[in-house]
Amino acid sequence: MSKNNKSHFARKSLAQWLSYLETIHLTEIDLGLTRISQVAKLLNIDFSFAQVITVAGTNGKGTTCAFIENALLVNNKTVAVYSSPHIERFNERLRINNMDVNDQSLIDAFEQIERHRNDISLTYYEYTTLAAFLVLMVQKPEVIILEVGLGGRLDATNLIDADIAVITTIDLDHQAFLGDNRECIGFEKAGIMRTHQNVVIGDTDCPNSVLAHAKQLNAKVSLREGDFFVQQQPSMTDDSIQGLWSWQFGQQQVNALTKPNIPQDNVATALTVLALLTDFSFDFTNESINALIDITKVAGRTELISDESLNGSVLLDVGHNPQAARYLARYLQTLKYNKLYAVTGMLKDKDIINTFQPLFTLVDHWYLGGLSVPRGASADELVKQLPLNKDTTNCFDNITQAFKLANEHSAAGDLILVFGSFYTVAEVRRLLV
């Protein structure tokens, strides 16, 4: 690429840059660290100024990151979180001290990458990950939390050697890239581990492949139900104190914890990470943890919205695989509503039928919409895979149409569940928030 072209790209807006990045690599998902490592070396990527936490897992990454982030912020630490995908704005992918990165910082980073990458082709994700790394090198937060995009071993975030590696859960998703069983998928996620590193594993049934890899590296593993524990406390007759639970890790035990807005398991994993952080003395008391539980809410994760424009209430959840759907089904059973209307769209390469299956007996009416992205399934493709009652199923060209009719049909006391993909939730959330 000529210097004239490079200066031309430097004048682009963020939206124009992002459109350009979609054109420079033929494959959307192309796992591997060779390309990004070459460019990172040219850019002198270095995070030695910060403690780094890398978080992998099939589900629960975003909420685990958010809880750790909030704990650090309330204790006056500077902290950055890099995650993907976003729901509404690309800038959501990098937040520093709970503020989304601004356009100009990203544009400056893109320009710097373009000057250095020569003819090395980078995927959209690789390019934007490097941009986030460059912004972080300018901002220099004390703690950096990296959420793995896909898998772990070959994900762009694994370019960085973290101080603590976290694996939240391990289940079936992205089988075309990670393998078709939990052992294979676990091995890919275990690839974020380093020799002698602190590793926190939140899965209650950890695959042997993960533990074997940790042993090979002499990693210091903190394992759920082996090293840290969650216990439900007996329910009382007073509704205000039902759902209390406790967390224990080593000599630390905290009781009477309240029901979180995010999955309880992810809070427990995050607390264990906080206990292992050096240069950080967290107050492990009932009061401090419950205060964090109260403030930790994540957009699109069991996000409940009530509004005058709605007939009922809306529950937004980006869950898009069978494990996430099983959690969602359990969560729905804790809520009170009359009828449940499900608005959903999914990517065609997902396990559609097994993602819907946990919800079959709970949903009264289905509203299926197509997703207008290359990997998106049409409503007709969804309905062909599902043993749904035709009298309770409606198909639409897009999610907006599906949601609007679901809202028209619902009444006060009903619940509209929007799930199946980040794209599905983003389309509806734009209408409401």
Side-chain angles (χ1 to χ4, degrees), residues 59-60 62-63 66 85-89 92 259-264 266 294-321 324-347 350 352 355-373 376-377 379 382-383 386 388 392-433:
N59 294 297
T63 49
H86 58 277
I87 292 182
E88 294 180 48
R89 296 173 63 244
E92 297 168 22
K259 181 181 177 182
N261 302 295
I262 64 174
Q264 177 180 289
N266 301 337
D294 186 56
I295 65 171
T296 303
K297 301 174 183 178
V298 181
R301 278 74 162 186
T302 56
E303 181 182 12
L304 193 61
I305 297 177
S306 298
D307 187 84
E308 292 180 358
S309 65
L310 299 169
N311 293 326
S313 297
V314 175
L315 183 69
L316 303 176
D317 195 271
V318 296
H320 52 265
N321 55 52
R326 293 194 296 271
Y327 171 79
L328 191 53
R330 293 193 300 271
Y331 180 81
L332 285 165
Q333 290 169 335
T334 69
L335 303 180
K336 293 180 181 179
Y337 54 84
N338 295 328
K339 288 186 176 181
L340 181 62
Y341 296 76
V343 175
T344 187
M346 292 189 68
L347 298 178
K350 295 296 181 181
I352 294 170
T355 301
F356 278 47
Q357 195 276 332
L359 299 165
F360 282 155
T361 60
L362 301 177
V363 175
D364 295 289
H365 298 280
W366 292 87
Y367 296 77
L368 310 178
L371 295 181
S372 56
V373 294
L382 291 178
V383 81
L386 303 172
L388 300 177
T392 61
T393 305
N394 300 275
C395 293
F396 302 86
D397 290 337
N398 58 64
I399 297 298
T400 297
Q401 292 175 348
F403 175 77
K404 287 183 175 178
L405 194 64
N407 185 44
E408 285 181 23
H409 289 172
S410 65
D414 292 340
L415 181 65
I416 302 174
L417 167 65
V418 180
F419 81 104
S421 171
F422 276 84
Y423 297 107
T424 306
V425 168
E427 193 166 333
V428 173
R429 203 170 189 274
R430 279 193 291 269
L431 303 173
L432 302 177
V433 179

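Residue indices begin at 1 and follow the sequence shown.
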With distance as the sole test, does [X] use its side chain to make a donor-acceptor pair with the main-chain N or O of [Y] at under 3.5 Å?
X    : Y    : value
T302 : N261 : yes
T424 : G345 : yes
E408 : L405 : no
S313 : L415 : no
D414 : K339 : yes

Heavy-atom distance under 4.5 Å between the side chains of [X] and [Y], does that happen here?
X    : Y    : answer
V298 : E303 : no
N311 : Y341 : no
P260 : T296 : no

Considering all heavy atoms, the nearest [X]-[Y] contact:
X    : Y    : value
E92  : E88  : OE2-N, 2.9 Å
Y337 : L332 : CE2-O, 3.6 Å
A325 : T355 : CB-O, 3.0 Å
I87  : A299 : CD1-O, 3.4 Å
E427 : L431 : O-CG, 3.5 Å
F419 : T344 : O-OG1, 2.9 Å

- When rounded to the nearest 0.5 angstrom, what is the spacing between NE2 in H320 and CG in L328?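 Atom-to-atom, H320:NE2 and L328:CG are 12.5 Å apart.
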- Query: When rounded to the nearest 0.5 angstrom, what distance separates CD in Q264 from CG in N266?
  - Reply: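 CG of N266 is found 10.0 Å from CD of Q264.
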- Query: Is a side-chain donor-acceptor pair under 3.5 Å present for N321 with N59?
  - Reply: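 A donor-acceptor contact under 3.5 Å links the two side chains.
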- Message: Quick one, V314 with L432, criterion side-chain contact (heavy atoms from CB on, under 4.5 Å). Give me CA distance, side-chain angles, the key distance, then yes/no.
- Response: CA-CA 9 Å; V314 175; L432 302 177; 4.0 Å; yes
With a cut-off of 3.5 Å and sequence neighbours excluded, list every side-chain donor-acceptor pair involving residues 359-370.
residue : atom : partner : partner atom : Å
D364    : OD2  : L340    : N            : 2.8
Y367    : OH   : H409    : ND1          : 2.7

- Item | Test side-chain contact (heavy atoms from CB on, under 4.5 Å) applied to Y331 and D317, step by step | CA-CA 11 Å; Y331 180 81; D317 195 271; over 6 Å; no
- Item | Within 6.0 angstrom of Y423 OH, more than 12 heavy atoms from elsewhere |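 Counting neighbours around OH of Y423, 12 or fewer heavy atoms of other residues, nucleotides or ligands fall under 6.0 Å, so no.
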- Residue list, salt bridge (Lys or Arg N to Asp or Glu O under 4.0 Å) with R326, at least two apart or on another chain: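 D171.
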- Evaluate side-chain contact (heavy atoms from CB on, under 4.5 Å) for M346 paired with L382, printing each intermediate quantity in order. CA-CA 8 Å; M346 292 189 68; L382 291 178; 4.2 Å; yes
